[in-house]
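Scroll down for the structure; my scribbles are underneath it.
Here, residue 1 is the first one in the sequence, and each next residue gets the next number. Every value quoted in this text rests on a predicted model; they were computed, and no experiment measured them.
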Amino acid sequence: MPVEFELCPGRRIGGSNPCFIIAEIGQNHQGDTEIAKKMIRMAKDCGADCVKFQKSELEHRFTKRALERTYNSPHSWGNTYGAHKRHLEFSHEQYRELQQFSRGVGIFFTASGMDEMAVEFLHAINVPFFKVASADTNNIPYLEKTAKKGRPMVISSGMQSMETMRCVYRTVKKHNPNFTILQCTSAYPLPTEHANLRIITEFQKEFPDIPIGYSGHEGGISVSVAAVALGAKVVERHVTLDKSWKGSDHAASLEPAELAALVREIRTVELALGSPVKQMLPCEASCHKKLGKSVVARKAVQKGTELTLDMLGVKVAEPQGIPPEKIFKLVGKKIRVDLQEDDTIANDVIID
């Protein structure tokens with residue numbers, strides 16, 4: 001069983017703890033804190049455990065040329081990529097405002113630190129855990145600095161190989177035992193056939209001492225629910241108020257009804273996973289009483305007779321007696337009473 005740890009105050013992940021569900025608001029707030037607040041409340045109302053944003057210090061994340069390049073996408077909020085990103089980037093004060101709002105609503109608040117300076121800011125405002133976006137998963141200096149801060153980490157694995165993920169695991173593990181790796185494919189929206197949920201079980205084999213999760217960008221909720229059935233202990237999905245809105249992430253996001261359905265179905269799957277112990281359960285008693293079969297006499301047998309297999313049959317009997325799986329153990333035993341055809345063979349008629 002993978003190790004468990006406290007990801008947020010009072011909320012543990014791994015082991016038998018419920019799947020931790022992250023509603024990724026990202027930059028689907030359109031650069032508007034009021035929309036962001038509506039999304040935070042929506043995530044809480046739908047049953048998510050945490051809301052997550054994306055924090056960048058743009059001059060540390062992008063080169064000057066990258067920020068100055070022309071950006072003509074239908075999803076653009078400015079003529080250059082820098083203008084576009086500045087429109088969507090909340091200030092430090094706005095982040096503190098949203099963090100306080102989330103606290104009032106009663107939902108955990110964090111963000112992906114998209115560069116080292118963003119991580120410093122998130123550390124300063126005391127987020128419960130750091131999220132490492134797929135684009136930074138192979139950024140080893142970034143991982144080392146982030147891990148050394150001692151906060152729990154949630155690390156996506158999009159665009160990475162297993163060899164790289166082994167390196168990521170070793171790098172973080174040296175400094176911080178409390179982290180989880182999420183299976184992720186970085187496509188928006190994600191074709192179902194590339195979700196590769198089997199990697200969840202491969203990660204569980206490769207890294208048996210940490211919880212494994214799933215970050216999905218596919219349409220609908222079925223794949224994410226299946227990830228939980230495979231053992232995902234964290235599920236992250238992008239959310240939106242309207243998939244038709246401007247922005248490249250909205251199409252791969254869940255609207256409120258879908259997020260609520262995802263939470264509901266995950267909790268149903270967790271309930272259905274139940275116990276690994278196979279035994280007859282109390283809820284099966286009525287069915288067993290009505291349909292359960294017992295060993296019976298195939299023909300009349302006199303008291304003191306040594307039983308042979310041809311004397312024994314299996315039927316639904318009244319009253320019930322010895323279960324069929326023990327029929328071979330009765331061969332060679334003697335009976336203490338006369339039996340008629342179809343009489344139930346119970347323990348009290350067998351001479352030990």
Side-chain angles (χ1 to χ4, degrees), residues 5-14 17-29 33 36-37 39-44 46-57 61 88-137 139 142-143 145-158 172 176 178-182 184 210-211 213-216 232-240 249 253-254 259 263:
F5 64 88
E6 188 174 73
L7 183 64
C8 296
R11 184 61 163 86
R12 301 179 70 80
I13 64 165
N17 295 289
C19 177
F20 188 83
I21 302 171
I22 301 172
E24 162 76 90
I25 294 172
Q27 296 192 322
N28 281 352
H29 48 67
T33 56
K37 289 176 183 178
M39 297 182 77
I40 292 168
R41 189 174 294 280
M42 177 272 287
K44 171 64 176 179
C46 290
D49 295 293
C50 180
V51 291
K52 188 181 78 65
F53 291 80
Q54 295 174 7
K55 184 71 188 90
S56 299
E57 302 295 341
R61 182 182 176 191
L88 294 172
E89 191 63 44
F90 288 144
S91 68
H92 288 189
E93 190 54 43
Q94 287 172 316
Y95 259 86
R96 291 187 179 93
E97 178 185 350
L98 293 174
Q99 183 184 43
Q100 183 62 34
F101 182 82
S102 298
R103 190 175 294 120
V105 167
I107 192 169
F108 293 116
F109 171 96
T110 194
S112 299
M114 309 301 281
D115 55 80
E116 291 178 13
M117 292 306 296
V119 171
E120 292 295 334
F121 168 69
L122 295 172
H123 187 56
I125 66 171
N126 198 30
V127 295
F129 66 90
F130 294 127
K131 171 67 198 300
V132 178
S134 292
D136 275 310
T137 297
N139 183 348
Y142 166 100
L143 284 180
K145 289 181 181 179
T146 303
K148 286 178 179 179
K149 293 189 178 300
R151 294 186 188 276
M153 297 170 66
V154 175
I155 304 170
S156 281
S157 61
V172 176
N176 190 340
N178 296 329
F179 66 102
T180 175
I181 289 174
L182 311 186
C184 176
I210 64 169
Y214 177 70
S215 178
K233 298 301 182 180
V234 175
V235 166
E236 176 187 69
R237 289 297 303 270
H238 286 255
V239 297
T240 181
D249 284 348
S253 300
L254 300 179
L259 177 60
V263 174

- Asp249 vs Gln27 side-chain heavy atoms within contact, under 4.5 Å: no
- Partner set under salt bridge (charged side-chain N to carboxylate O under 4.0 Å, His left out) for Arg103, not counting sequence neighbours: none
- In chain order, what residues pass the ring pair (Phe, Tyr, Trp, His ring centres under 6.0 Å) check against Phe179, with sequence neighbours excluded? Tyr169
- Item | Contacts of type salt bridge (charged side-chain N to carboxylate O under 4.0 Å, His left out), residue Glu24, not counting sequence neighbours | Lys52
- Message: Using every non-hydrogen atom in the two residues, find where Arg237 and Leu254 come nearest and quote the distance to one decimal.
- Response: NH2-CD2, 3.4 Å
- Query: Parallel, tilted or perpendicular for Phe109 and Tyr95, by the 30°/60° rule?
  - Reply: perpendicular
- If you measure from NE2 on His29 to CZ on Phe53, what distance do you get to the nearest 0.5 Å? 6.0 Å
- Message: Would you compute the distance between atom NZ of Lys44 and atom OG of Ser102 and round it to the nearest 0.5 angstrom?
- Response: 11.0 Å
- Item | Distance-minimising heavy-atom pair for Gly150 and Asn176 | C-ND2, 3.8 Å
- Task: Kindly give the heavy-atom pair with the smallest separation between Ala36 and Leu98, and that separation in Å.
- Result: CB-CD2, 3.9 Å
- Less than 4.0 Å between a side-chain N and a carboxylate O, is that true for Glu120 and Lys145? no
- Taking atom CZ of Arg96 and atom CD1 of Ile125, what is their separation to the nearest 0.5 Å? 7.0 Å
- To the nearest 0.5 Å, how far apart are CD in Gln94 and CD in Glu89? 9.5 Å
- Query: Taking the side chain as C-beta and beyond, is there a heavy-atom pair between Lys37 and Val105 under 4.5 Å?
  - Reply: no
- Message: Contact between Thr180 and Ile210 at the side-chain level, heavy atoms closer than 4.5 Å - yes or no?
- Response: no
- Please name the pair of heavy atoms, one in Asn28 and one in Thr240, separated by the smallest distance, quoted to 0.1 Å. ND2-CB, 4.0 Å
- Message: Do Ile22 and Phe129 make a side-chain contact, defined as non-hydrogen atoms from C-beta onward lying under 4.5 Å apart?
- Response: yes
- Item | Contact check, side chains of Arg11 and Cys50, non-hydrogen atoms, under 4.5 Å | no
- Side-chain (Thr137) to main-chain (Ser156) donor-acceptor, under 3.5 angstrom: yes
- Where is the tightest heavy-atom contact between Ala23 and Leu259, given as atom of each residue plus distance? CB-CD2, 4.3 Å
- Item | CZ-NZ distance between Phe5 and Lys233, expressed to the nearest 0.5 angstrom | 12.5 Å
- Message: Any non-hydrogen side-chain atom of Pro9 less than 4.5 Å from a side-chain atom of Pro128?
- Response: yes
- Point-to-point distance, once rounded to the nearest 0.5 Å, from CZ of Arg151 to CG of Leu122: 9.0 Å
- Main-chain N/O of Ala118 paired to Asp115 side chain as donor or acceptor, under 3.5 Å: yes
- Message: Within the structure provided, determine whether Arg61 and Lys55 are in side-chain contact (heavy-atom separation under 4.5 Å).
- Response: no
- Just do the side-chain contact (heavy atoms from CB on, under 4.5 Å) check on Leu143 and Met153 with the steps written out, would you? CA-CA 10 Å; Leu143 284 180; Met153 297 170 66; 4.3 Å; yes
- Would you check if the side chain of Glu6 reaches a backbone N or O of Gly10 as a donor-acceptor pair within less than 3.5 Å? yes
- Which atoms form the tightest heavy-atom contact between Thr110 and Val127, and what is the distance? OG1-CB, 3.6 Å
- pair Val239-Ile25: side-chain heavy atoms closer than 4.5 Å: yes
- For the pair Ser157 (side chain) and Leu182 (backbone), establish whether a donor and an acceptor sit closer than 3.5 Å, ignoring hydrogens and angles. yes
- Taking atom CZ of Arg12 as the centre, report whether more than 12 heavy atoms of other residues, nucleotides or ligands fall under 6.0 Å from it. yes
